[in-house]
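Notes for the one structure printed next.
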Amino acid sequence: MFEKELKRIEKLQLDRHIISRSSSPGPVITVKGRKYINFSSNDYLGLAGHPKVIKSAIEAVGKYALGSGASRLLAGGTVLHERLEARVSEFKRTDAALVFNSGYAANTGVIPALARDGAVIFSDELNHASLIDGCRLSRARTVIYRHGDTIQLEKLIKEEGKGEKVIVTDSVFSMDGDIAPLGDLYEICKKYKAVLYIDDAHGTGVLGNGRGALEHFNIRPEPWIIQMGTFSKAIGSFGAFIAGSEDVIRWVLNTARSFVFSTALPPGVIAASITALKLVRTDRVLIKRLWANRERLIAGIRNAGFDTGGSDTPIIPIKTGTISGALGISGFLYGKGIYAPAVRPPAVREPRVRITVSAAHNDSHIDAFLYALKGLD
Ligand SMILES: *Cc1c(COP(=O)(O)O)cnc(C)c1O
């Protein structure tokens with residue numbers, strides 16, 4: 001089965017392989033007994049391996065056991081789940097929040113709950129796959145606008161006339177590292193009475209002192225703004241949340257199928273998220289170091305003459321133009337003990353090496369990367 005199809009993707013250099021570590025996901029990973037400096041992790045603050053985070057997870061497993069046993073609506077959740085939601089809504093300056101099992105589950109559950117039959121969703125063409133799938137699962141119609149093009153978006157909204165509207169966007173685009181024009185999107189939503197659904201997976205813990213993209217833009221959360229974020233990236237744990245008004249959260253917990261019909265996250269994971277979130281709020285050095293590392297790395301890559309597109313964040317693409325170019329650079333770096341993965345269609349339209357830098361890297365990790373890059377030409 002699938003022999004022909006597999007041959008075809010192989011020939012196009014589009015077949016994917018799983019890489020398995022035998023180490024933590026830190027700045028240096030071990031693969032097949034060899035060490036690599038790791039530029040692929042979304043653990044932007046290095047919290048996945050933080051001793052306090054790990055300790056709180058172990059303690060919670062001891063007290064509440066490993067699995068949660070049931071959905072939140074059937075007592076699968078603990079007081080820790082509730083505490084995490086209180087901390088998230090405080091952090092995001094909203095009335096309420098709800099924990100989801102993953103970012104993927106949040107987007108595929110919440111978008112269909114918000115955008116019902118007869119509504120129109122406006123979706124940025126470079127939105128994350130989980131947002132796209134959320135739109136596909138919704139009974140609403142989806143209109144796609146050009147990446148970040150709020151002029152086209154407004155034109156498309158005008159064409160739709162009356163009726164419910166939901167604008168869906170990544171805050172930080174996961175493959176390009178650029179930031180959505182949230183200021184303009186906010187104005188458009190206000191003017192046309194649209195709901196704004198923001199996927200802040202790469203903004204949470206990174207932008208706006210860690211509070212995310214809205215804080216970065218100095219935008220006050222409104223009842224018609226729903227923020228989604230993940231604990232699986234800068235928070236170093238697992239799972240996701242949405243934050244918004246009491247009514248929206250109540251509606252979602254009643255209707256989002258990925259919430260209702262899925263077992264609650266294990267308490268150990270929730271405890272880790274609580275501790276990591278606290279570290280994001282209190283340890284100012286982490287975010288500073290992340291951004292200093294990002295500046296050092298991107299300046300070096302640009303100086304070496306590579307195209308980093310519109311990156312504004314610790315996600316840095318090196319655009320190569322071709323698939324073989326991306327695989328070539330990634331393979332060359334791998335040979336030098338650096339893991340910087342190639343990303344190809346259909347995950348992206350333009351092939352690239354996608355790099356992420358974290359607060360856990362030190363100068364010598366970054367300089368080793370830049371030195372290796374020089375050896376390419
Ligand atoms: C990673 C990611 C998700 C999915 O989150 P998971 O917790 O990994 O399922 C959703 N949206 C964006 C923009 C992401 O980068």
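All ligand and atom numbering here is 1-based and tracks the order in the structure. The model shown is predicted, which means the values in this text are computed figures rather than measured ones.
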Just to verify, what does His216 make a side-chain hydrogen bond (donor to acceptor under 3.5 Å, both in side chains) with, not counting sequence neighbours? none

Which of parallel (below 30°), tilted (30 to 60°) and perpendicular (above 60°) describes Tyr334 and Tyr36? parallel

With sequence neighbours left out, write down each residue that passes side-chain hydrogen bond (donor to acceptor under 3.5 Å, both in side chains) with Ser138, or none if nothing qualifies. none

Backbone of Val53 reached by a side-chain donor or acceptor of Ser56 within 3.5 Å: yes

Within the 4.0 Å heavy-atom cut-off around ligand 1, the contacting residues, ordered by chain and number, are Ser102, Gly103, Tyr104, Asn107, His128, Ser130, Asp170, Ser174, Asp199, Ala201, His202, Thr230, Ser232, Lys233

Are any of the side-chain nitrogens in Asp367 or Arg296 under 4.0 Å away from the carboxylate oxygens of its partner? yes

Who are the ring pair (Phe, Tyr, Trp, His ring centres under 6.0 Å) partners of Phe122, not counting sequence neighbours? none

